[in-house]
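Reckoned from all heavy atoms, side chains included, excluding hydrogens, waters and symmetry mates. We name chains A, B, ... by the order of the sequence lines, and we start the count at 1 in each one.
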Amino acid sequence: MIQPAQPELVTVFIDGQEIAVPKGTNVIEAARMVGTDVPHYCYHPKLSIAGNCRMCLIELGMPMTDRATREPIMDEATGKQKINWIPRPQIGCGTTVAPGMHVKTQSPMVKECREGVMEFLLINHPLDCPICDQAGECKLQEQATGYGRGYSRFIEQKNVKPKRTRLGPRVTLDDERCVLCSRCIRFTQEVAKDDVLGFVDRGSYSTLTCYPGKELENNYSLNTVDICPVGALTSTDFRFKMRVWFLKQTNSICPESSVGVNTVVWSREGVIYRITPRRNDEVNDTWMPDSGRVLYKEVQAENRLQPTGDPASDLLATATRLLQGGAVAVVGSGRSSLEEQFLTAKLARQLHAATFVVGRTGAGDGILISADRNPNTRGALVTGLISEVPGDLAALGREIDAGKVKTVVSVGEDLSAAGLTAEQLAKVAIVYLGSHANATSAAAQVVFPTLTVFEKSGSFINQQFRLQKFASAVPGLTGATDDRVVLDQLVTAVGGESAGSDLVSVWRELAAGIPGLADLTYAKIPDTGLLLADDTWSQLTFPEGESLHHQPAAAETTA
Amino acid sequence: MPAPAERRIIFKHIDEEGYSNDLACYQKHGGYQVLQKALTARPEDIREDVKKSGLRGRGGAGFSCGLKWSFVDRKSGKPIYLVVNADESEPGTFKDRYIIHQDPHQLIEGTMISCFANDVKQAYIYIRGEFPEGARILERAIQEARDAGFVGRNICGTDYSCDIFVHRGAGAYICGEETGLIESLEGKRANPRIKPPYFPAVLGLYQCPTIVNNVETLCHVKHILDMGPDEYLKIGTPNNTGTRIFCVSGHVKKPGYYEYACGEITMGQLLYDVCGGPREGREFKAVIPGGSSAKILRFGETFTLKNQDGSERVLKVEDIPLDFDTLAACGTMGGSGGVIVMDDSVNMVEALANINAFYAHESCGQCTPCREGSLWMKKISSRMVHGEAREEDGELIKSVADQIAGRTICAFGEACSWPTQSFVLKFGDEFKAYNEDKKTKSADRLELV
Amino acid sequence: MIELYLSLPIWVQASLKGLIAIGLIIPIAGACSLAERKISAWIQGRPGPNRARAWGLGYIPILGPILQRLGVFHLMADGAKFVFKEDVVPGHVNKFYYYLAPLVALVPSLCTIVVVPFGAYFDAATETLKPLILADVDVGILAVFAIGSLSVYSLILAGWASNSKYPFLGGVRASAQLISYELSMTLSVIPVFLWVNAPGPEATLSLFAVVESQSQPGFWGGMWFVFLMPLCAFVFLVSLFAETNRQPFDMPESEADLVGGFHTEYGEFKWSIFFVAEYAHMTIGSGVFVLLFLGGWNPLPWVPLEPLIAGLPVWLGGLIGASVFLGKTFFFIFLFMWVRWTLPRFRYDQVMKLGWQKLLPIAIANVIFYALAIALIERA
Amino acid sequence: MSFKTVERKPLSFAERTYVPQILGGLKTTFKKMVKPNETLEYPEARPTIPPGYRGVPTLVKDPNGREKCVSCQLCEFVCPPKAIRIKPGEIPADDPTAHVEKAPQEFDIDMLRCIYCGLCQEVCPEEAIWLQNVFSLSGYTREEMVNNKAKLYELGGTLPDDHYKWDKKKAAEEAGNGGH
């Protein structure tokens with residue numbers, strides 16, 4: 001756990017309140033630190049400054065000094081240095097703090113500026129909030145309420161712009177709602193590196209559009225929807241599905257790859273409607289790939305494993321009989337949570353079984369999708385499930401062919417997809433724990449339907465060895481059981497000792513059994529994750545390349 | 001008091017019989033001698049001379065040229081660029097066009113001197129897209145000069161090299177704004193940049209230190225070096241040195257360009273004596289002294305100004321000496337020297353509608369107040385002249401303008417709101433009384449946008 | 001016809017008379033319950049029961065709709081309902097007394113009618129006015145009081161037999177209240193009989209005699225006792241309200257605090273019997289008041305019936321007499337209802353205070369006053 | 001202790017006898033008795049529904065037959081007993097009202113839950129939901145008491161429109177940016 005270097009601090013006065021902020025902070029962020037909201041549209045902490053919305057206008061002043069002598073000029077009445085207020089309002093986003101700087105965020109001039117800007121933004125805005133999906137999380141709504149004048153003086157005709165434009169496969173654009181903040185343009189230029197968006201036409205008729213013949217189709221296109229302060233850019237998938245104020249937010253981790261993108265799962269009454277990124281400056285800033293946002297669809301996928309109708313005790317009895325037959329191999333998963341991997345390892349120890357984990361790699365995009373598509377490979381190492389970077393199941397296949405393995409326990413892994421042939425599968429008895437049907441579940445003697453990542457709680461360790469937790473967003477499928485519970489039952493059934501399958505109990509065991517996790521509990525893991533020491537595995541070569549906020553260790557040694 | 005005689009420096013030869021815009025003619029009239037002289041001097045000295053001369057920019061803001069040059073970041077190690085702002089689009093202004101068309105070598109010489117003074121290796125002339133002829137003339141003149149060794153490699157045999165390129169704008173008023181111009185020059189939308197941090201002197205063209213000067217300003221540089229800064233200081237009044245070209249348009253008998261020493265001529269002398277006064281049977285009603293974005297002056301209003309010794313003097317519009325400071329003190333500006341005259345045949349609401357239509361069309365659309373406000377002002381004034389005026393519209397349009405000025409990235413905010421503010425302030429009665437039977441045929445012509 | 005009747009054996013005659021009494025009093029009671037609903041409705045600005053319509057009768061032109069508007073079919077339906085309802089008996093009651101109580105309520109009220117003359121006819125044979133009465137007994141008013149006050153047992157029985165709190169409280173209240181007002185009531189009629197009976201051995205308590213004494217010629221003779229003894233009439237009337245448990249004295253029922261009072265545990269036909277008894281009681285009470293103080297069948301003060309019907313056939317004369325009497329009685333029944341829908345219920349302590357501290361002293365003073373006054377008049 | 005003792009006026013003799021009060025009361029009730037009835041004989045005589053009456057909530061169409069609801073779900077949000085359920089959906093591009101973009105796919109009001117408070121009408125930004133004159137609603141099953149979209153439009157019918165907001169919007173779209 002490395003402490004960041006202490007930044008140089010600058011003392012500024014915001015509405016008279018003194019605060020020391022890191023050098024280079026802008027006024028909006030400085031005001032945020034004293035709990036003052038400076039409204040803004042175009043400013044985004046992770047994008048370059050455009051300064052074009054003019055909503056964050058503030059009054060700025062510097063202590064007065066005599067020009068000739070550089071002596072401070074004192075105010076006789078208060079005994080303090082006089083402040084030289086700049087007569088014109090300044091933008092908060094583009095103004096970085098300077099020592100002694102004074103800022104007024106609530107003065108009459110600032111209020112009047114905000115009212116003016118709000119009025120201007122609203123005159124050509126369609127005001128179709130009842131239809132607009134952004135309603136409820138719309139900056140224009142919020143700031144019209146907070147800073148607007150409350151009535152309209154505009155009786156002319158509003159501008160007409162294209163509506164319901166397909167900007168890309170996942171993004172729909174309503175230009176009339178656009179406030180031309182240019183966040184999306186800057187995002188595609190600076191983060192997605194896919195410079196396809198831009199404005200055409202002039203003045204109030206300016207229109208956001210895509211470069212002719214191109215589409216906004218990069219894998220980060222939906223981030224433009226997230227950062228759009230109004231409802232101009234909307235997700236085609238989420239469009240007109242549900243008002244956001246009905247949705248419950250649950251913190252989660254994207255299981256797409258080992259980046260461990262922090263997410264928020266939005267659900268209502270057990271149905272997930274969308275997934276959005278959650279800000280974590282150490283992992284994903286405020287972004288996430290589009291491909292991770294559709295993963296919620298697996299919760300209600302057609303091939304979800306349904307309970308067979310056999311009593312759970314029968315399943316357990318059959319599984320126990322198979323496991324007690326000996327010659328067992330356990331295939332754990334890099335997609336299982338840390339807790340599940342721990343219990344898998346415990347089961348394997350109890351059975352004296354060999355353990356395997358299926359490696360899963362793909363091309364990394366250098367941003368938020370890494371080459372290792374297992375979200376929790378590091379967890380398998382930390383829990384001792386495996387000691388090497390996982391590869392394929394060739395070794396297991398050889399053992400099956402040699403007849404050394406009679407029974408295979410698979411925790412959510414499709415063995416045939418991982419390289420075992422149908423003949424090999426036919427030779428062994430399979431106990432399968434999984435959420436979706438596949439060739440392995442079809443071949444398995446015992447199938448325990450389990451939960452998807454959105455229905456259960458747990459934690460992953462990402463490529464940075466950052467321990468991050470996710471919580472269950474929706475109730476599990478009826479009849480499906482949490483993996484932890486099934487694994488714990490199996491451990492007990494084959495003669496092991498159970499400390500309980502709930503998170504608190506499992507973590508008590510984890511903290512006791514794994515040195516790196518000593519003194520930790522599930523509740524103690526911060527929302528932004530906890531960086532673990534990775535010295536033990538520094539000699540291993542992981543498949544990940546460079547991505548946002550992650551430099552692979554190997555790259556450092558070669559460089 | 002009769003008007004003083006014209007003092008032509010820039011336009012010295014322009015109207016002369018047989019004066020052409022080729023190099024031979026220019027050299028015959030002493031062209032490029034100042035450049036040759038300047039190349040022997042130290043650049044710092046030239047900069048010092050310009051600073052000493054008190055030359056103020058002729059593009060509109062009237063900022064000191066010497067000071068501007070002094071801001072340039074010379075320690076960054078990055079190349080320094082000089083950009084000639086020939087994007088003359090302010091309604092009522094047509095001086096640069098004449099310089100370019102009639103005397104392009106004067107501009108080239110001034111530019112080269114300035115380049116040398118600032119150690120510039122590359123200069124651009126950003127010319128307005130609607131000046132194709134000017135661009136052709138410039139191209140040809142530069143080629144002539146390049147062939148003659150005044151531009152390009154090893155100028156005049158020295159080891160100083162600097163080339164000039166002509167860049168034609170794509171036709172937008174906002175390209176005249178210096179950072180907008182730089183963006184446009186870089187090949188982007190001409191969205192002005194935010195200052196801070198993008199001061200051209202530090203982070204200009206291609207993020208390098210950049211000087212952007214008006215055509216006329218650069219021409220003056222040549223004359224400063226020609227006559228020496230002390231001599232130049234004697235022209236005009238203190239702090240308002242040199243001559244100014246006034247582009248008089250509108251309801252006078254003799255519109256056109258006139259060059260006078262700064263502050264030597266009053267508005268009355270210019271309009272009555274020089275331009276021949278109002279048309280038959282008409283009276284002057286109002287005048288815009290510095291291009292359409294300057295605040296309007298109403299004939300009959302008076303201004304109380306403070307003298308340097310503390311005493312006060314009262315000026316009528318006719319008495320205002322046409323220099324930078326007095327006009328600023330009277331609440332308007334010298335701007336680009338485009339004097340627009342209106343007589344009593346003009347309806348001010350319609351005039352404003354026309355101006356607003358222009359600015360609504362020209363706003364770049366980057367920052368909110370100007371983008372939305374300029375079109376709204378246009379919509380209001382257009383509605384008014386279409387017979388749907390309301391009594392409160394004057395106040396409304398002014399308060400919209402108030403919400404723009406001072407809150408935008410660039411000076412366009414002021415440019416589009418000052419006319420409205422001053423029109424409503426000074427002709428508020430006309431705005432109140434404007435009603436539907438005033439709907440005129442000119443309303444149809446106002447469909448500019 | 002009369003001959004035929006007289007030729008019948010005496011027990012048959014008695015049975016017929018009894019049936020007539022029952023046949024008279026029960027419809028009147030039913031009509032009263034209808035009247036109660038209609039009058040309450042009118043006072044409250046509503047039309048009252050008017051929906052039900054039976055086949056046959058209801059479809060007769062003009063009459064049918066009138067009957068329907070009057071709510072007659074509701075009455076019939078109500079009666080039928082009471083008869084056909086399931087007989088629910090709570091498990092905790094004392095069954096014998098529980099069943100007995102309604103009977104004890106009904107029987108006395110039916111008995112009292114026997115001694116109440118409800119009209120008079122002119123007997124051409126004797127040239128005298130004869131009362132229309134089932135049993136013209138000399139004890140008259142005494143019989144009414146004696147039998148009528150038995151009804152309190154029904155309330156006590158019902159309250160006690162129900163074996164439940166509220167009915168018990170209702171029963172206790174009923175006994176206390178009836179006893180309290182019985183005294184005043186009895187005392188209030190003493191002056192009437194002092195006046196009716198001259199000193200001497202041949203005194204009578206017959207109600208017919210009371211009416212007769214209001215039918216004498218002359219100013220004093222033709223004067224109704226209500227004018228002669230207004231205080232007596234007043235005390236009698238107030239006591240009558242209390243005795244019949246009518247508002248504002250319906251302490252035993254008092255649904256606001258006792259749910260239903262003594263009949264909380266009663267339902268269906270048994271319950272309806274209580275009401276028949278109450279209305280019968282009310283009818284008889286009204287009749288007695290008319291006889292005692294309002295000149296019985298005499299149409300107007302100082303206008304006796306006898307001369308009016310002397311020449312008429314017997315049946316017509318009887319009918320006129322009975323009509324006059326019943327008319328007055330019905331007015332009083334109406335008064336009962338009118339008062340009920342006007343006044344709120346007294347508080348229990350007010351009832352007691354009124355009975356013992358106000359009414360009883362007044363009644364006693366009244367008796368003393370009239371006794372002295374009559375003695376003085378007699379002496380003179 | 002903030003007790004306030006109210007002096008009770010002693011009753012006069014006449015009052016203590018109750019007689020004047022009783023007579024007064026009898027007079028009052030008698031007057032009432034002879035007056036015409038104040039009640040309404042319901043099924044035959046129907047009450048005149050006053051303007052602003054809050055009967056059964058309904059969905060209405062504008063005079064052009066366009067459904068006004070845009071499924072903003074504000075009524076669903078504001079409904080105190082949670083009687084309203086909406087499934088929003090997009091209007092297909094070939095629909096005459098495609099420019100409105102959004103309309104309810106399903107709209108259910110559970111009349112067993114509805115408390116007729118009228119908040120849905122108050123909150124509706126499109127004036128699409130109205131509590132109209134229907135005040136008696138009955139059914140044999142729970143399902144019958146849930147008014148679906150078709151039933152709601154049947155009950156609601158067409159109401160006059162003061163705004164024609166979407167028609168104006170369409171006209172403006174067709175006219176483009178030319179106007180002043």
Side-chain angles (χ1 to χ4, degrees), chain C residues 35-53 65 68-71 74 230-231 233-235 237-242 246-249 331-347 349-351 353-355 357-359 361-363 365, chain D residues 3-56 111-112 115-116 132-141 144-145:
Chain C
E36 183 108 77
R37 287 160 76 172
K38 274 291 180 190
I39 288 165
S40 69
W42 293 333
I43 284 177
Q44 290 161 3
R46 9 178 219 112
N50 61 41
R51 298 276 109 180
R53 186 156 61 149
Q68 187 192 337
R69 292 299 301 173
L70 277 176
H74 279 271
L231 201 58
F234 176 72
V235 172
L237 191 64
V238 171
S239 304
L240 193 61
F241 271 93
R246 292 293 299 186
Q247 232 108 357
F249 293 99
F331 169 76
F332 268 85
I333 291 171
F334 166 71
L335 180 73
F336 272 97
M337 292 169 182
W338 184 10
V339 168
R340 173 174 179 182
W341 297 107
T342 303
L343 297 185
R345 180 181 297 124
F346 281 125
R347 222 164 46 220
D349 63 313
Q350 289 170 327
V351 172
K353 214 174 258 180
L354 195 68
Q357 295 185 355
K358 305 266 163 66
L359 224 50
I362 291 174
Chain D
F3 282 112
K4 190 179 178 189
T5 313
V6 180
E7 283 298 321
R8 178 171 281 214
K9 263 201 304 187
L11 296 175
S12 68
F13 176 76
E15 279 167 341
R16 269 182 290 151
T17 63
Y18 300 121
V19 173
Q21 276 69 32
I22 289 172
L23 292 178
L26 289 173
K27 188 176 146 199
T28 305
T29 45
F30 191 79
K31 271 193 205 154
K32 281 277 172 195
M33 201 166 1
V34 294
K35 269 192 186 162
N37 289 335
E38 282 163 16
T39 52
L40 204 66
E41 290 184 43
Y42 167 60
E44 297 90 16
R46 295 292 175 131
T48 47
I49 306 290
Y53 182 81
R54 295 203 300 241
V56 171
M111 293 313 298
L112 294 171
I115 56 171
Y116 299 82
Q132 294 195 55
N133 291 352
V134 179
F135 52 81
S136 80
L137 194 75
S138 53
Y140 290 102
T141 60
E144 258 180 85
M145 295 302 286

Practice item. Say whether, by atom type as modelled, one donor and one acceptor occur between the side chain of D:Arg54 and the main chain of D:Tyr116 under 3.5 angstrom. Key: yes
Review point. Side-chain contact, heavy-atom cut-off 4.5 Å: C:Trp341 with D:Thr29?
Key: no
Review point. With only heavy atoms counted, which part of C:Leu343 is less than 4.5 Å from chain D, the side chain, the backbone, both or neither?
Key: side chain
Point to revise | is_close_aromatic(C:Phe346, D:Tyr18), centroid dist under 6.0 Å | key: yes
Exercise for review: Mind ranking C:Asn50, C:Ile43, C:Leu354 by heavy-atom pairs under 4.5 Å with chain D and telling me who comes out on top?
Suggested key: C:Ile43
Practice item. Name the orientation class of the two ring planes belonging to C:Trp338 and D:Phe30 (parallel below 30°, tilted from 30 to 60°, perpendicular beyond 60°). Key: tilted
Point to revise | Contact winner vs chain C - D:Met33, D:Lys32, D:Glu38, heavy-atom pairs under 4.5 Å | key: D:Met33
Check your understanding: Side chain, backbone, both or neither: which part of D:Val19 has an atom under 4.5 Å from a heavy atom of chain C?
Key -> side chain
